Amino acid sequence: MSVTEQPPAEGPGATDAAQEALEDRIAADSLTTRRDYLRIVATVSGGLAVGGIGVAAGVLHRHGDSEGIPAPKRIAGRLLPGESIAFRYPEEADRAVAVRLGDGSLVGYSAVCTHLACGVLWRADRGSEGELYCPCHEGIFDPRTGEVTAGPPPRPLPKVLLIEEADGSVWAVGTTRSGESATEGLCRQLLEDRPEMAARLGCPGARSTGEEGLRS
Ligand code: FES
């Protein structure tokens, strides 16, 4: 069963159950699991695959700096084109926003401006496909990349890695630091927490596990 085939989790303990399921997949020594994670990396890197990934986050300094890989969190039952949702991830203090762009792509970012930490808003009616807007000093971020397109913000918005399940629910599964690609963020956290998985995925700096022959 792939990561995107996990059943939706509801109620107390759901987050723990989802994390346990994800960890099982990380730990499992199977090519299926490995392909799932490669797909996550590839989709997050592109950020364009329909039904693939999203991202978002909250307090700036915490994004990408949580201790270990954050627990997966269900943030929406469904997100339709043009819709957005504000949520908190990985901690309750970490404000984030996820957006379904017009072509179906899911993206998510920190909702904390990299200038002076004002709240970032989604404006669907601006630009060719909407924009992430900070009203404090007219800061604007590209909705596909999080890069600054106008105003004083000095850095891109950190990303929150998202997965869409088969039932349409959207889950936050990780974060990156500002300016860090999804692949870089995932590999950094795997190197810290799951070095064997980092090696199998070919993350730069990962120590060989002797399983390179499994790579496809
Ligand atoms: Fe966002 Fe200044 S705080 S542009």
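Every number for a ligand or one of its atoms is a count from 1 in the order of the listing. The model shown is predicted, which means the values in this text are computed figures rather than measured ones.
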**Message:** If the condition is salt bridge (charged side-chain N to carboxylate O under 4.0 Å, His left out), which residues does E129 pass it with, not counting sequence neighbours?
**Reply:**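 With sequence neighbours excluded, E129 shows a salt bridge (charged side-chain N to carboxylate O under 4.0 Å, His left out) to R144, given in chain and number order.
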
If every non-hydrogen atom of P143 is compared with every non-hydrogen atom of E131, which pair is closest and at what distance?
->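 Nearest heavy atoms, P143 then E131: CD-CA, 4.3 Å.
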
Listed partners of P204 passing side chain to side chain contact (heavy atoms under 4.5 Å, CB included), at least two apart
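C187.
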
Not counting sequence neighbours, which residues clear side chain to side chain contact (heavy atoms under 4.5 Å, CB included) with L191? List them please.
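L191 satisfies side chain to side chain contact (heavy atoms under 4.5 Å, CB included) with A198, A206 once adjacent residues are dropped.
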
Gamma sulfurs of C113 and C118 within less than 2.5 Å: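 Disulfide absent: SG-SG distance not under 2.5 Å.
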
Next item on the list: Output yes when E138 and R126 qualify as a salt bridge under the 4.0 Å nitrogen-oxygen rule, no when they do not.
Entry: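 Looking at E138 and R126, the cut-off is not met.
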
Under 2.8 Å from atom 2 (Fe) of ligand 1, protein N/O/S atom count?
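Counting protein N, O and S atoms closer than 2.8 Å to atom 2 (Fe) of ligand 1 gives 2.
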
